[in-house]
Amino acid sequence: MQLFYAPAIDKEQSTFTFDKDESKHIIRVLRKKEGDILFVTNGRGTLFETRISLASDRSCLTDIVGYTDKEQTPFRLHLAVAPTKMNERYEWFLEKATEIGIHEITPIICDHSERKVVKTERFEKIIQSAMKQSLQLHLPQLNEPITLKEFLKQDHQGALYIAHCEDDQTKELLKNKIQPQENYLLLVGPEGDFSPVEIKIALEKGFKPVSLGHTRLRTETAALVACHSFVFANE
């Protein structure tokens, strides 16, 4: 099945028209024609079955044949991850985390961050593409970049964790801390790790220090290992 993403499609509609860019892709690139079935999600858990009624490469019109809803998972995973120096590494993380099943992502700017400016427009497109490729019906929420210190001022609920590289006798393996069907928030720092001040503030805010294993991981690798650990524990 090929999945299309259209946030504007609604259950109350009987027809739906794709925008110009998507219409061109459907008709000219995919060579779809009238009568063909297209599956569309609004990114909010609904899968629409539509049939092309007007195969125009400017405004492809479809009839909505039916729809089904998919409930969200009984857990929610939010990763707050520092942008990497090389942008493509962070983009790789976004793509793979979306495929695995992340719910929310926040780029956090830390004291040791080498990349301080982040543009999320391309990130959003990568997430949308990964959602369609992996046939998921819920689009992960991508938040605007924020400094870690400002992020820690917010009210965060659920199980709170921070993965840092400092020696800490209280750190436990993340896999041993995860309880199924909870809301999780994990902080993953930049290449230079969190600063001691940032770690101190996070611990004071109730974040528990965790280890992702016995080797030192890159930022994007650590985030992906954590993502898989949370999702796997909830299978």
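Computed from a prediction, not measured in an experiment: that's the story for all the values here.
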Peer 1: For a quick test of reading the model, state the closest non-hydrogen atom pair linking Pro83 to Val118 and the distance between them.
Peer 2: CG-CG2, 3.3 Å
Peer 1: Could you pull out the closest heavy-atom pair between Val40 and Ala6, with the gap in Å?
Peer 2: CG1-CB, 3.7 Å
Peer 1: My understanding is that only residues two or more places apart in sequence, or in another chain, count here; which of them pass ring-ring contact (aromatic ring centres under 6.0 Å, His included) with His156?
Peer 2: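 So His156 forms a ring-ring contact (aromatic ring centres under 6.0 Å, His included) with Phe151.
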Peer 1: Locate the shortest heavy-atom distance separating Glu104 from Arg76; write the atom from each residue and the value.
Peer 2: OE1-NH2, 3.1 Å
Peer 1: Under the side chain to side chain donor-acceptor pair (under 3.5 Å) rule, what pairs show up with a residue in residues 219-228, not counting sequence neighbours?
Peer 2: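 Listed by first then second residue: Arg89-Glu220.
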Peer 1: Without swapping roles, check the side chain of Ser229 against the backbone of Val225 for a donor-acceptor pair under 3.5 Å.
Peer 2: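 Yes: the side chain of Ser229 pairs with the backbone of Val225.
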Peer 1: Check whether Lys171 reaches the backbone of His164 with its side chain - one donor and one acceptor, N or O, closer than 3.5 Å.
Peer 2: yes
Peer 1: Under the side chain to side chain donor-acceptor pair (under 3.5 Å) definition, can you give me all pairs with a residue in residues 106-121, not counting sequence neighbours?
Peer 2: His78-Thr106, Thr106-Asn143, Asp111-Ser195, Thr120-Glu144
Peer 1: Mind checking ring-ring contact (aromatic ring centres under 6.0 Å, His included) for Phe48 and listing every partner two or more places apart, or none if nothing turns up?
Peer 2: Tyr67
Peer 1: OH/Tyr161 to CD1/Ile178 distance, rounded to the nearest 0.5 angstrom?
Peer 2: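 Here the rounded value is 6.5 Å.
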Peer 1: Suppose we screen for ring-ring contact (aromatic ring centres under 6.0 Å, His included). Which residues come up paired with His103, at least two apart in sequence or across chains?
Peer 2: Phe75
Peer 1: Show me the pairs that pass side chain to side chain donor-acceptor pair (under 3.5 Å) and involve residues 172-181, at least two apart or across chains.
Peer 2: none
Peer 1: Looking at every non-hydrogen atom in both residues, tell me the closest pair between Met131 and Thr98 and how far apart they are.
Peer 2: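 Taking every non-hydrogen atom into account, N-CG2, 3.7 Å.
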Peer 1: If we only count heavy atoms from C-beta on, is the Thr73 to Asn234 side-chain gap below 4.5 Å?
Peer 2: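 With C-beta onward as the side chain, the pair stays apart.
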Peer 1: Side chain of Glu191, backbone of Lys85: donor and acceptor closer than 3.5 Å?
Peer 2: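 Answer holds: yes.
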Peer 1: Who passes side-chain contact (heavy atoms from CB on, under 4.5 Å) against Leu135, sequence neighbours left out?
Peer 2: Met1, Leu3
Peer 1: Any side-chain heavy atom of Leu79 within less than 4.5 Å of one from Cys227?
Peer 2: yes
Peer 1: Check residues 204-217 and write down every donor-acceptor pair under 3.5 Å in which the side-chain atom is one partner and the other belongs to a residue at least two apart or another chain.
Peer 2:
| residue | atom | partner | partner atom | Å |
| --- | --- | --- | --- | --- |
| Glu204 | OE2 | Lys200 | NZ | 2.5 |
| Ser211 | OG | Gly213 | N | 3.2 |
| Ser211 | OG | Gly213 | O | 3.0 |

Peer 1: Show every salt bridge (charged side-chain N to carboxylate O under 4.0 Å, His left out) that has at least one partner inside residues 223-235, sequence neighbours left out.
Peer 2: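 As it turns out, there is no salt bridge (charged side-chain N to carboxylate O under 4.0 Å, His left out) pair with a partner in residues 223-235 once direct neighbours are skipped.
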Peer 1: Closest heavy-atom contact between Ala223 and Phe93?
Peer 2: CB-CE1, 3.6 Å
Peer 1: Going by the rule side-chain contact (heavy atoms from CB on, under 4.5 Å), which residues pair with Ser56 if we only count those two or more places apart in sequence or in a different chain?
Peer 2: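 Checked Ser56 against side-chain contact (heavy atoms from CB on, under 4.5 Å); matches are Leu54, Arg58, Ser59.
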Peer 1: Other than Val117, what residues sit in its cluster of Ile, Leu, Val, Met, Phe, Trp and Tyr side chains whose heavy atoms are under 4.5 Å apart, directly or through others?
Peer 2: none
Peer 1: Return each pair, listed once, that meets side chain to side chain donor-acceptor pair (under 3.5 Å) where at least one residue sits in residues 19-44; pairs must be two or more places apart or across chains.
Peer 2: Arg28-Asp57
Peer 1: Any chance the side chains of Asp69 and Thr46 put a donor and an acceptor closer than 3.5 Å?
Peer 2: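 Looking only at side-chain atoms, Thr46 and Asp69 do form a donor-acceptor pair, the distance falling under 3.5 Å.
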Peer 1: Flag yes if more than 12 heavy atoms outside Glu71 fall under 6.0 Å of its CD atom; otherwise flag no.
Peer 2: no
